[in-house]
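Okay, so here's the structure we're looking at.
Note that ligands are numbered from 1 as they come in the structure, with each ligand's atoms numbered from 1 the same way. Small disclaimer: the values here were computed from a predicted structure and weren't measured.
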Amino acid sequence: VTVSVSATASHPIPTTLWGQMYEDISSGDGGLYAELLQNRAFQQVTPGTTASLNAWQAVNGGGISVIRETVPVSSALPNALHLTIPSGLTGGVGFANTGYFGIKVTSGSTYTASFFYRFPTASSFRGPATISLQTNSGQVLASTTVTLSGAQTAWQQVTVQLHPTTTPGSTSNRFVITLDGAAAAGQVVNFAMLSLFPPTFKGRANGMRVDIAEALVEMGPSFFRFPGGNNLEGQTVATRWQWNATLGPLVNRPGRVGDWSYVNTDGLGLLEYLNWCEDSGMQAIMAVWAGFALGGTSVAENQLGPYIQQAIDQINFVVGDPTRSAPATLRASLGHPAPFTLNYVEIGNEDFFASTSYIYRWRNFANALKAQFPNIHFIATSNTFNPVLSPNPTEYDVHVYQTPTWFAQNSFFYDGFQRNGTKYFEGEYAAISTNPNDLFGTPANGRLVFPTMQSASGEAAFMTGLERNSDIVFAAAYAPLLNHVSGSQWTPNLVSFDSNTVYRSTSFYVQKLFSLNRGDEYLPSTLPSRTGTLFWSVVRKRSTNQIIIKVSNTAGTAAPLTFVLPFGTVASTGTLQVLQGAATASNSPTTPNAVAPVISALAAGKTFNYNAPGFSVSVITVTAQ
Ligand SMILES: O=S(=O)(O)O[C@H]1C[C@H](O)[C@@H](O)[C@@H]1CO
């Protein structure tokens, strides 16, 4: 096929076009959020149940249970770990935490451990507690001691640093606290809000896991949508995500039962999200809860007031003036007096599931929020123009989970949209199954566990369409972004990880190739066949006079292209980055680097040929002017 490229740009590429959608779906706690202890504060658990001790183990005969404390460490954390040292034992007696399917320990890194303790009954005991990192087989990797006093009946926080001098062969390691069995025989001690942090991304306190954060930043994303997704909504009104419950000292954060069947610590809270956006060069696309809980409850219109106020306060926490708004004063007190960047706020999530009530929920939230924040764009989440909403949304969030073929066959999805001023956020999209009749089914029935070259090339085909229509598509994000392979709630995901390693998928590389080669204006060219299998888009990067051609071949056979560039001078050599593999080729824990982009030189010129391999995504960069 011959592709003639126009020298006249049709529209600028919005700077926000490629970014990330995030929610805690086996992705935050135990993942991006760097805390290494699982169930660290016994949040939202029932004392005395097996679940309450999840990830905790007795060591050498220590008696442990989770109790409802009579003197809780805070009103947010009513539970505590109750340790009884039986008589007749010697050596270290206590408890351990096994982390999120393991704890990675690296020699030379400094780990910060902290906990609160108190003796529920005063005693004359005074002796060492040993705090250590150990392999599950008992090899001590790092250890230190602190003195515990039986006179300490009020909660006392202890913070220590651990410096491992060896790197163990696996993440089968534990965080261990023990007392001397003989010296502490008969003693009873309560512990609360235990925590173990490794080094974090940019050294942020209470921050992000470095290797995962670096993988996300590697894509060059422009925005970060949070906190959901389903995890914004709650199964009930009471368990919705609430911004104000996710701020301040960890001891004051109650956590919540999230929407993906586990408790969220909310250690990764609103301020951590906003600091992360600044640290990673992304702007926030922040959601506010909009009166619908996933269990099916829509708040009645005459009951919306408090929730609208909570949304106003949430936005004021982000952008308000500390001299005029209490939430903004709180932001300043937490260390960020300047407002954060916030241009987009999403009202709800996937409200096509509750579009009847969204008619009044949108009306009330949008009118109130636009009046308070006239410079912020508010994004609607019901189906586009159905139902008709007032005020008329300036932006809609469109989601699609489909087959690789659907994405290849729908790259013209937005070409037919009216140019009526409305803009679109392709807020969640991914090829998730090869079975159009059971998209959300099991792997045995076509569901993808990891992205493949077939799914990634399908997504790339669709993305050439998003680029062509980026006069009305201002932002797009693959979803879900992140997933712990040992705790999956959803597959496939853009980036997977376990306690040791980050796995970059084929789709990750497609997102990275598009994001890092986004250009700043679109150059029209011969249109691909809507029903074909070969797709392309052309952009120009004015600052470097580069023409950037993206090609996706969604078929298994190589496809020849001839490019005709209308410029006075065109370099005779260009750069080619190509991601290719068999249809089912994928990166996974068993084959982590099966597919990665390969960079090479390419013969170019005013007219040049390129043979796109089967199941491939290519980026050709040529200097021309
Ligand atoms: O069950 S779904 O609605 O398909 O869940 C999807 C859509 C929702 O916004 C997001 O949280 C989730 C996975 O990315």
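- Residue G229 approaches ligand 1 through these ligand atoms, each under 4.0 Å from one of its heavy atoms: 9 (O), 11 (O).
- Annotation for ligand 1: atoms under 4.0 Å from non-hydrogen atoms of E350 are 3 (O), 7 (C), 8 (C), 9 (O).
- Taking OH of Y307 as the start and CD1 of I312 as the end, the distance is 15.0 Å to the nearest 0.5 Å.
- Salt bridge annotation for E233-R240: absent, with no cationic side-chain nitrogen under 4.0 angstrom from a carboxylate oxygen.
- For the residues F352, F353, W260, Y401, the heavy atom positioned nearest atom 14 (O) of ligand 1 is part of Y401.
- Between the side chains of E23 and N230, no donor-acceptor pair of N or O atoms lies under 3.5 Å.
- The shortest heavy-atom distance from G228 to ligand 1 is not under 4.0 Å.
- Annotation for ligand 1: atoms under 4.0 Å from non-hydrogen atoms of P480 are 14 (O).
- Under the 6.0 Å cut-off for aromatic ring centres, Y22 and F224 qualify, their centroids lying closer than that.
- Within ligand 1, the atoms closer than 4.0 Å to a non-hydrogen atom of E428 are 6 (C), 7 (C), 8 (C), 9 (O), 10 (C), 14 (O), numbered from 1 in the order shown.
- In this structure, F385 has its ring center closer than 6.0 angstrom to the ring center of Y396.
- Remark: of the listed residues Y424, Y344, F223, Y344 is the sole one forming a ring-ring contact (aromatic ring centres under 6.0 Å, His included) with H377.
- Taking any N or O of R225, backbone or side chain, none lies under 3.5 Å from an N or O belonging to ligand 1.
- Under 4.0 Å from ligand 1, not a single heavy atom of N231 appears.
- Closest to atom 2 (S) of ligand 1 among all protein heavy atoms lies N230 ND2, 3.9 Å.
- For the ring-ring contact (aromatic ring centres under 6.0 Å, His included) with H484, the lone residue among W490, F101, W260 that qualifies is F101.
- Residue-to-ligand polar distances place E23 within reach of ligand 1: an N/O pair is separated by less than 3.5 Å.
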